[in-house]
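Convention: sequence-line order gives letters A, B, ...; per-chain numbering from 1.
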Number of protein chains: 2
Amino acid sequence: MAGLPERKTLPRLDESLLTHLPPFSRLEKRQIRIILDQASSRRYDEGVAIFQEGHPAERFYMLLDGYVRVVRITPTGEQVTALHIPAGQLLGIAKAIGRDTYPATAMTASEALALSWPMHLWEKFVSDYDGFGTESYKTLGHRLGEVQNRVVEMATQQVEQRVANALLRLINQTGRKVDNGIEIDFPITRQDLSELTATTLHTVSRLLSGWEKQGLVESRRKRIVVRDPHALVVLSQK
Amino acid sequence: MAGLPERKTLPRLDESLLTHLPPFSRLEKRQIRIILDQASSRRYDEGVAIFQEGHPAERFYMLLDGYVRVVRITPTGEQVTALHIPAGQLLGIAKAIGRDTYPATAMTASEALALSWPMHLWEKFVSDYDGFGTESYKTLGHRLGEVQNRVVEMATQQVEQRVANALLRLINQTGRKVDNGIEIDFPITRQDLSELTATTLHTVSRLLSGWEKQGLVESRRKRIVVRDPHALVVLSQK
DNA sequence: GGCGAAATTTGCTCTGGAGCAAACTTCTGT
DNA sequence: ACAGAAGTTTGCTCCAGAGCAAATTTCGCC
């Protein structure tokens, strides 16, 4: 598959930065240009690591297109997905929390495009550009909340509810309307879903089969379309 | 029980602030005095909420003595403990992550003493006192890491290993040497441990009974002494 | 257009640990 | 010193979901 076409990524670029640094004044536009001039951009294939847990945190990233999974790998080699990050967010901002190694691995869940900057620019951006720090910390806080939610879910819910919840979260964050429902916008395997919900791919497969029979979802290899989100909400609540 | 004696809390005060804002220059001492002059201090009984999830974040806190559990309460009323916070750390710093309500409830795990400031001073402290922001964000990052660890643990380990790990974490963070081992420094019930490890108090009780028979731990009501931490480490690793 | 790899489905078995119930122990307040 | 409350232990049953195995489908590639 060829690289992403320019026409597809550039419109998204504006949108992403808009999310991150809200309304643009003339000054801000100037600042954005300066920031962009210092960035490198790179395309990543599906399933590769952008950076790895424990490695020195040399660069920080902004995801422009695609999705990234933040995973932790256990001593025995199992992967656990901590969260999914959609386009428009900062990534690998170890410096923001005073670390000099990455605390987790970032794997692309789809083809992805990201800008990156050397980490030494972090302090500079925070002090020079108002709102940069604040927005980053909001992101961080949001992620802390998400991870805490996962702890609560895993502690209190059954597998079926967790998978339903995960699906709902995915279509909220990354859903795309299609004719017969909402589709998860990147390739996702049963295995991926199981790593996200702390179960096995077999159990996920059984659940999806069941839901498919009831017309709740529709799935093919690496693709899931949710036809009836409301029914999933009901399921997820007991 | 009477309030905490002055002699016990004041030495801890210095120590705590030292951890948080490392080496003191003359200027810094002056700043600390200014900060302290604006603080209110209060004592809390065991098992009360310092602040509650969802309530407007009006104040932020520094825990001077005791321990606090950060808990989330599910719609069905179950409590899940996200983390334990020892004396010397900031607490309820919603503003740091751009929130204006508390994202979780803080319950005292023991008698506790805390300083607090109205939240509007947050920005001021961050901008006036160098290092205040940085240190806070380190704390935040550390907590994010802890919570992620819990997700990984819950996803990959058996109950026995999780409980062993929790015990080890507790004696590391809050352990106190006693003649026959290391004691957890605050009252902790089987129920508390089960909320920390996503299991039931019955299972925790069975595990502790077993370990007690093997001489690994020694426990009485609300008290646990670990006699052989190394054996627990072995247990926790499979 | 057919081959091999990757992903998915499904059946069967087995067990860790939840759920329920009840007795017992240790504290606290009066 | 006693009564009641709070915390703990232990026995028993049962099942959700993991583990294992094997067949089947789907896709990318030559």
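- Ranked by how close their nearest DNA chain D nucleotide is to the 5' end, A/Gln157 and A/Arg220 are led by A/Gln157.
- As a whole-Å value, the separation of A/Leu193 CG from C/dT8 C1' is 13 Å.
- Note that the OG1 atom of A/Thr108 and the OH atom of A/Tyr44 stand 9.5 Å from one another [nearest 0.5 Å].
- For B/Arg223 against D/dG7, a side-chain-to-base donor-acceptor contact under 3.5 Å is absent.
- The distance from atom CD of B/Glu160 to atom P of C/dT15 is 17 Å, rounded to the nearest whole Å.
- One atom, CZ of B/Arg190, and another, C1' of C/dG17, lie 18 Å apart when rounded to the nearest Å.
- Using a 4.0 Å cut-off between a side-chain N of Lys or Arg and a carboxylate O of Asp or Glu, B/Arg72 and A/Glu153 do not qualify as a salt bridge.
- A straight line from CD1 of A/Ile188 to P of D/dT26 spans 19 Å, rounded to a whole angstrom.
- The side chain of A/Thr203 contributes an N or O atom lying less than 4.0 Å from OP1 or OP2 of D/dA18.
- Rounded to a whole Å, the CG atom of B/Leu208 is 9 Å from the P atom of D/dT8.
- With hydrogens and angles ignored, the 3.5 Å screen pairs a side-chain donor or acceptor of A/Arg223 with a backbone N or O of A/Ile184.
- The side chain of B/Thr189 lies closest to D/dT8, out of C/dT8, D/dT8, D/dA18.
- Here A/Arg206 does not reach the OP1 or OP2 of D/dG17: none of its side-chain N or O atoms lies under 4.0 Å away.
- Salt bridge present: A/Arg69 and A/Asp192 bring a charged side-chain N and a carboxylate O closer than 4.0 Å.
- Among the nucleotides D/dG17, C/dT9, C/dA7, the one closest to the side chain of A/Ser219 is C/dT9.
- For B/Ser205 and D/dT8, the shortest distance from a side-chain N or O to OP1 or OP2 is not below 4.0 Å.
- Side-chain atoms of B/Arg169 do not come within 3.5 Å of backbone N or O of B/Ala164 as any donor-acceptor pair.
- Nearest-nucleotide assignment on DNA chain D puts the 5′-proximal partner with A/His202, out of A/His202 and A/Arg221.
- Spacing between atom CD of A/Gln191 and atom P of D/dA18 amounts to 12 Å, rounded to whole angstrom units.
- Following rounding to the nearest Å, B/Leu201 (CG) and C/dG19 (C1') show an atom-to-atom distance of 11 Å.
- Proximity of B/Ser209 to the phosphate of D/dT10: a side-chain N or O atom is located under 4.0 Å from OP1 or OP2.
- Atom CZ of A/Arg162 is separated from atom C1' of D/dG17 by 10 Å (rounded to the nearest Å).
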